[in-house]
Amino acid sequence: KEQLKIVDSTSESRSADARKCRLAAFGAALRNRDYDKEEGDDTVALDKALRAVLDTPSLVGPLLTHEKDFYAEWLGRAYRSKSPLLGFGGDKIPVDEETCIHIEDKSPKYILGNRPLPGKPLPAGGEGFTEVDDFLRVRPEPVSQSTPPPKRGGGSKKRSMDEDGSATFEPRRWSSRA
């Protein structure tokens with residue numbers, strides 16, 4: 001196990017670790033480039049948030065100190081590069097706004113909202129602060145009254161070519177031979 005760098009963890013311990021390093025809030029802050037919004041340099045806050053994730057073995061595996069330093073430095077540089085390939089800020093990847101919400105309070109997961117920026121000190125020592133997350137929670141299945149899915153099978157399709165060279169598919173008609 002040690003040579004393979006396997007970390008013993010359970011779903012519950014990974015959930016607790018994700019809460020401890022504020023992984024959900026960190027992802028929202030990165031996506032919306034919240035480390036760029038305030039005047040001044042938030043390099044320190046970004047570095048602290050990156051190190052909080054890198055210091056969590058159940059999420060990233062066991063890392064040596066020099067590996068954590070390297071990853072924090074280069075991930076911070078990548079974020080500050082503002083490359084559109086990252087999918088952050090104005091180039092952020094779209095999400096389904098109806099399903100990407102917290103179960104408990106229906107707030108969007110992809111927006112930091114009133115949660116403090118990860119890596120910055122919590123207000124008044126964390127008094128009155130609760131992190132909303134859905135780790136290990138199951139969203140109830142919506143009850144829909146839609147039509148049942150079509151039955152599978154029932155014959156194959158016949159392909160024919162149109163004049164312009166495009167293919168069209170027509171269901172084959174099966175005849176019973178008596």
Visitor: Looking at every non-hydrogen atom in both residues, tell me the closest pair between A49 and Y35 and how far apart they are.
Guide: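 Looking at all heavy atoms of both residues, the shortest contact is CB-OH, 3.3 Å.
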Visitor: Rounded to the nearest 0.5 Å, what's the gap from OG1 on T43 to NZ on K48? Could you check?
Guide: 12.5 Å
Visitor: Sequence neighbours left out, what passes side chain to side chain donor-acceptor pair (under 3.5 Å) with K68? Give chain and number order.
Guide: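 Side chain to side chain donor-acceptor pair (under 3.5 Å) check on K68 returns D55.
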Visitor: How far apart are the closest heavy atoms of A29 and L112, and which atoms are they?
Guide: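 Distance-wise, the nearest heavy atoms are CB-CD2, 4.2 Å.
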Visitor: For residues S15 and R19, is any side-chain donor paired with an opposing acceptor at under 3.5 Å?
Guide: yes
Visitor: Do I111 and L30 belong to the same hydrophobic cluster, where Ile, Leu, Val, Met, Phe, Trp and Tyr are linked whenever their side-chain heavy atoms lie under 4.5 Å apart, directly or via other members?
Guide: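 Per the 4.5 Å side-chain linkage, I111 and L30 are not co-clustered.
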Visitor: Of the non-hydrogen atoms in C21 and A52, which two are nearest, and what is the gap between them?
Guide: CB-O, 3.5 Å
Visitor: For S83, check side chain to side chain donor-acceptor pair (under 3.5 Å) against everything at least two apart and list the hits.
Guide: none
Visitor: Taking atom OG1 of T56 and atom CG of L63, what is their separation to the nearest 0.5 Å?
Guide: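 CG of L63 is found 10.0 Å from OG1 of T56.
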Visitor: Output a table of donor-acceptor pairs, distance under 3.5 Å, between side-chain atoms of residues 89-97 and any protein atom two or more places apart or on a different chain; print 'none' if there are none.
Guide:
| from | atom 1 | to | atom 2 | distance (Å) |
| --- | --- | --- | --- | --- |
| K92 | NZ | N32 | OD1 | 2.9 |
| D96 | OD1 | E98 | N | 3.2 |
| D96 | OD2 | T99 | OG1 | 3.1 |

Visitor: Identify, with sequence neighbours excluded, every residue that meets side chain to side chain donor-acceptor pair (under 3.5 Å) alongside R31.
Guide: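 Testing R31 for side chain to side chain donor-acceptor pair (under 3.5 Å), a comparison that skips the adjacent residues, returns none.
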Visitor: To the closest 0.5 Å, what do you measure between OH (Y79) and CG (L86)?
Guide: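 Here the rounded value is 9.5 Å.
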Visitor: Could you list the residues that satisfy salt bridge (charged side-chain N to carboxylate O under 4.0 Å, His left out) with D34, not counting sequence neighbours?
Guide: K37
Visitor: Could you report the tightest heavy-atom contact between K82 and D36, atom names first, then the distance?
Guide: CE-OD2, 3.6 Å
Visitor: State plainly whether one hydrophobic cluster holds both Y110 and L117, where clusters connect Ile, Leu, Val, Met, Phe, Trp and Tyr through side-chain heavy atoms under 4.5 angstrom apart.
Guide: no
Visitor: When clusters are formed by joining ILVMFWY residues with side-chain heavy atoms under 4.5 Å apart, either directly or through shared neighbours, do Y71 and L50 land in the same one?
Guide: yes
Visitor: Checking R51 now: which residues fulfil salt bridge (charged side-chain N to carboxylate O under 4.0 Å, His left out) with it, not counting sequence neighbours?
Guide: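 For R51, the residues satisfying salt bridge (charged side-chain N to carboxylate O under 4.0 Å, His left out) (neighbours in sequence not counted) are D47, D69.
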Visitor: Just by modelled atom types, is the P116 backbone N or O under 3.5 Å from a matching donor or acceptor in the R22 side chain?
Guide: yes
